[in-house]
Number of protein chains: 4
Amino acid sequence: MHHVDVIRIPSRSPGDISGLEALIASGRVAASDIVAVMGKTEGNGCVNDYTREYATSSLAACLGRHLQLSPAEVEQRVAFVMSGGTEGVLSPHHTVFARRPAQGTPVAGAKRLTLGIAFTRDFLPEEIGRRAQIEETADAVRQAMRDAGIESTGDLHFVQVKCPLLTSAKIAEARARGCEPVTADTYESMGYSRGASALGIALATGEADAAALADEAVLHDWSLSSGVASASAGIEVEHNVVIAIGMSARATSELVIAHDVMADAIDAQAVQRTLQALGLEGAEGLERIVNVFCKAEASPDGLVRGMRHTMLVDSDINSTRHARAVTGAVVASVVGHGMVYVSGGAEHQGPAGGGPVAIIARA
Amino acid sequence: MHHVDVIRIPSRSPGDISGLEALIASGRVAASDIVAVMGKTEGNGCVNDYTREYATSSLAACLGRHLQLSPAEVEQRVAFVMSGGTEGVLSPHHTVFARRPAQGTPVAGAKRLTLGIAFTRDFLPEEIGRRAQIEETADAVRQAMRDAGIESTGDLHFVQVKCPLLTSAKIAEARARGCEPVTADTYESMGYSRGASALGIALATGEADAAALADEAVLHDWSLSSGVASASAGIEVEHNVVIAIGMSARATSELVIAHDVMADAIDAQAVQRTLQALGLEGAEGLERIVNVFCKAEASPDGLVRGMRHTMLVDSDINSTRHARAVTGAVVASVVGHGMVYVSGGAEHQGPAGGGPVAIIARA
Amino acid sequence: MHHVDVIRIPSRSPGDISGLEALIASGRVAASDIVAVMGKTEGNGCVNDYTREYATSSLAACLGRHLQLSPAEVEQRVAFVMSGGTEGVLSPHHTVFARRPAQGTPVAGAKRLTLGIAFTRDFLPEEIGRRAQIEETADAVRQAMRDAGIESTGDLHFVQVKCPLLTSAKIAEARARGCEPVTADTYESMGYSRGASALGIALATGEADAAALADEAVLHDWSLSSGVASASAGIEVEHNVVIAIGMSARATSELVIAHDVMADAIDAQAVQRTLQALGLEGAEGLERIVNVFCKAEASPDGLVRGMRHTMLVDSDINSTRHARAVTGAVVASVVGHGMVYVSGGAEHQGPAGGGPVAIIARA
Amino acid sequence: MHHVDVIRIPSRSPGDISGLEALIASGRVAASDIVAVMGKTEGNGCVNDYTREYATSSLAACLGRHLQLSPAEVEQRVAFVMSGGTEGVLSPHHTVFARRPAQGTPVAGAKRLTLGIAFTRDFLPEEIGRRAQIEETADAVRQAMRDAGIESTGDLHFVQVKCPLLTSAKIAEARARGCEPVTADTYESMGYSRGASALGIALATGEADAAALADEAVLHDWSLSSGVASASAGIEVEHNVVIAIGMSARATSELVIAHDVMADAIDAQAVQRTLQALGLEGAEGLERIVNVFCKAEASPDGLVRGMRHTMLVDSDINSTRHARAVTGAVVASVVGHGMVYVSGGAEHQGPAGGGPVAIIARA
């Protein structure tokens, strides 16, 4: 079983590895124990956001130097999930997850944080946003739960997926083979990929029934969702990367995690409830937070609490950018700053217009 | 003395006048009593945002039909302040201010809301963002306070200014006369105009000393500011429009106003304090709110609560757009929805990175 | 039969009517003779571009004052087509079309410019981008040709359509009735509406066969197109507005029109050929141009002359904005300036990646 | 003396090194001979464009593997100049410059292409856009000319500079030391840095007099300029990188270069004249082009050929992005495709609104 350490390090730019170098140099974490890095990078978070790939490339090269591995080999053992877009007060940073064998004896009667990772195969362009991606993701989630030692979905608190998107080149390639992708709009493909990935998580957790998960359900049947799903699409992957985070009575980590679901993009109460679930109170409680993870989206019906919003008709700023600014600000106003992980596009991740929120804190 | 009514009406689009027509048709407000309209319109809130001008034009034409006046004549008697930008959950709307003579006897020992308006002369391009704009604004603020019957700065809670900006054409015109405007960057000119206007308010209220208000102070000496100033720049005016809102023991309005200052863009506590100052508690208290008015900006030092933000290095989205999304979300998370007035660019309006917040509520 | 005058007037801002007022004051054109105005306004040309509506509203109010008609009545007799987006060197302006009865005798053996207009009924949200819009547009094109006195499609040189788009509100309204619109992406709906409108033109001209024009053909079967179609979508209309421009031996106008098809967005040769077709040579020839009208788009296969372009993967700037900048610059480099009508999004308007170009010039 | 080879290779993404690897693998160029790479990357070309840094990082790592050098060591011997922004039809690519000792005997009476590089020291934030940057750049240009073996300014055809910009962090750092940078607007700092660098080139070539080059001249006195200057600002450097390209009777390269000056952004004639200067005619002539290099900008007076443009009042798209789309399209329409080097922001590089253009072709 596992002993997991989680460290949040600020980032000065997408290619900045000084924080990771310092962390390794400090001896707190061994390079070989790092199993996952979730980052917020300062690109647009949309199709042509290369800050995600640049950060992954830089971090993998850095770890590779420590481990005597090529960057490609590092990417096969570490789950890198870079989420672009630090609109508003969101502050670029990385969350490093290091995993060692259980240290000593678990605290009796107390569950502690654990995590596991998995990868799907590469997807064909026409599989993105459809049943194939749903099923492969579900398999990978189950595999990551086993890797984490999470024994039941009740102990699963957050599943992060990095998933691919469509580009002009991929669309053309598929069409040349006579296959039509789910959409010809590259930005819209991000939503389809996130949506199918989230439904894959819902399938794995039992939140959704396999029979309901037809191609047509993706981005249409908003009754289908997962309350622990967080999916981020990017140009830098062709497969899905999965990180499952939860609790185990056998884990010896000094950390805990809890989650809740934001009903809409400004649901500060859901963040408060998550703090309460972890017993975090006042300034001292906030100090114990390692990071907050949540999803944000522009409500697809064009309304937030009955008031019309303009995020979906704004042709200058994509709605995922608006949504990150909103939920990032709300979370920051509760926990005291913007160095939190807020990812945009919450299709089938929590209710329409809302999304899951999870907090990792020191026990 | 005055009896003031304030009504918030949703807007379906920048040219939508159906709400104003319905308000007048309802008999609650006489067209001839309307002295000011403050709106949030759904443009980019920057230089080429014509939704402000379109809304003003539509509203003035509507009132003109009721008053048998030309739109130009309406604009001479009504202070229209349209603030562009409804990023995130902000919801387009107008706040209509109607003023009648005092109705009956003032409530003994209780101050009530009052308001006044004033206009400066038109500014030359080279005057914008400089001493001339500061002084003319100060004069207009004093005039608006007199018009409102606000007897001391202690009773002044919010001063809204609409001010001009520089365009390529205006810059060229000034240069042709041998005069150099304060900046050649049209977007930056909005900040200069807002900053000088805010310093004019600070001069009128005594928050800043006349001797300190040299040209060089504008956008440089952040120690100079007003805690009641709210300035919005736009392509649709050549002069400053001033609305002074405060309290008077002689007013008979059924409304009150209080204000506070947000220390930074995510200062939810300042909004809470303002609610408390008005005695607004719980859901019932929130119901009594007519509207919230506040300013937002990206902290000029690049940090919010010590964490790096990227709003000032984002060349795709101007920082005022980010800032509105942030503070709009924070206010919405406190008061329950996004149909509030949040305006971007708080130069010399409250502390650097923060800004004033005011709430009008039913007494 | 008709005598048509066409005048291009610069615009200082979307609400500027000074040019139209001056034109009427000059006596060259009677307000009552104006049948169409095609404008380039300086918004983003996408969903939330209200400069189109503002310009139409301002122009209709201006004409209404001259004609003692309400703006709504003016919009029923004049075809206003505002195309947003003046990226790059494109210069905001209006092209005014005035039509009188034939003046004197037609020049023997010489065809001259004529034009007609028509309107479809309003479309339901779920009809946009589908067969209903195709068929209604085809009917309106035939009607506009009759109105113009264009006797055969060989004499038809340019058909301009203004067509509606989908908003969050319209999508929600359709879904509430159990009807699913063609897309839930508001920007993408513009392409569907333009595409269906262009196929309607192709149906009317015989360039496409009715049997081929199923819902599925729209934005999929790029072999279907019209070489005279120009469609522009906007938030300001619920129906299609059609302007048919061509030549007639019975017209007495002092103007002529010719058209060609640009094979791609940088096809300067097609512009040259159109000049040649009109016998326009050298500086004197360019002086005779009244205006150039053309369509531009980002090639859907992601390539221009074999080189990869990034317009379709740019999540900061929509592809129609890129395309207008490109083709506007190419046309300007040929005809000498950027005050030309270049509209973005050429789905089924000319070949994929290209689009029709037409030039009106003094005979 | 030198034998220079210049190869243009397409780029599939900012991190793509496959083209460089293939070039080296082909044997045409030895990794150790590469002295400069000029690239067009697909970011926004503005402040937060990390595609430039990512491309440089990837290329330097690639060359480092071939040369057994660290990336930092590679950057000390190779001049990398990445220019962001491939708006419109511009196609991402790299131009690789390899230099060997002269091969055989120069062709009698014929000058051939040569090139040299140099680097300035790092600049303090407050030096950017001011005299210090002008003078250091002038020194580096002289040094690069010597390195190239360019004997007179008459043989100098293109000087490319990569220069730094200001970020929020750098501005704060300077202010903490009591030093005020030339501007607090990060996007505007790019123009200042390009402008001062161009004036440094003008100083080195004698196009401008040292006495005229005060701080105040930068971005104000448009009469000062260089007809061979091309400067590109970026977040990835703290110093200026200089590449001087010209002709020498002693060079043995199989390439030639010529240049001209575009009077404005749509001056296709200047491109035609440059082709003629190189004797390039018809399709065969175009085939001999290796690459075109030019600068583009939005005319600061708001007019192109007397027509108002909106590039400087567009708060959604920065003017450099518009300008690249325009001039890229014009050049593409002349030379047949968009895989050319067009860089935005031509302050003091050619006349106001225009810019230098150079073409390298096979002799």
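Values below: every heavy atom of this structure, side chains too, minus hydrogens, waters and symmetry copies. Quantities reported herein were computed from a predicted structural model and do not represent experimental measurements. Labels below follow one simple rule: chain letters A, B, ... track the order of the sequence lines, proteins then strands, and each chain is numbered from 1.
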Write out, in numerical order, the residues from residues 294-328 of chain B with a heavy atom short of 4.5 Å from a heavy atom in chain A. B/Val304, B/Arg305, B/Met307, B/Arg308, B/His309, B/Thr310, B/Met311, B/Asp314, B/Asp316, B/Ile317, B/Arg321, B/His322, B/Ala325, B/Val326

Residues of residues 263-275 of chain B near chain A, each having a heavy atom less than 4.5 Å away: B/Ile266, B/Ala268

Interface residues of residues 80-87 of chain B facing chain A - heavy atom cut-off under 4.5 Å: B/Thr86, B/Glu87

Can you tell which of B/Pro10, B/Gly338, B/Gly336 has the highest number of heavy-atom pairs within less than 4.5 Å of chain A? B/Gly336

Quick one: salt bridge (Lys or Arg N to Asp or Glu O under 4.0 Å) partners of B/Glu53, sequence neighbours excluded? none

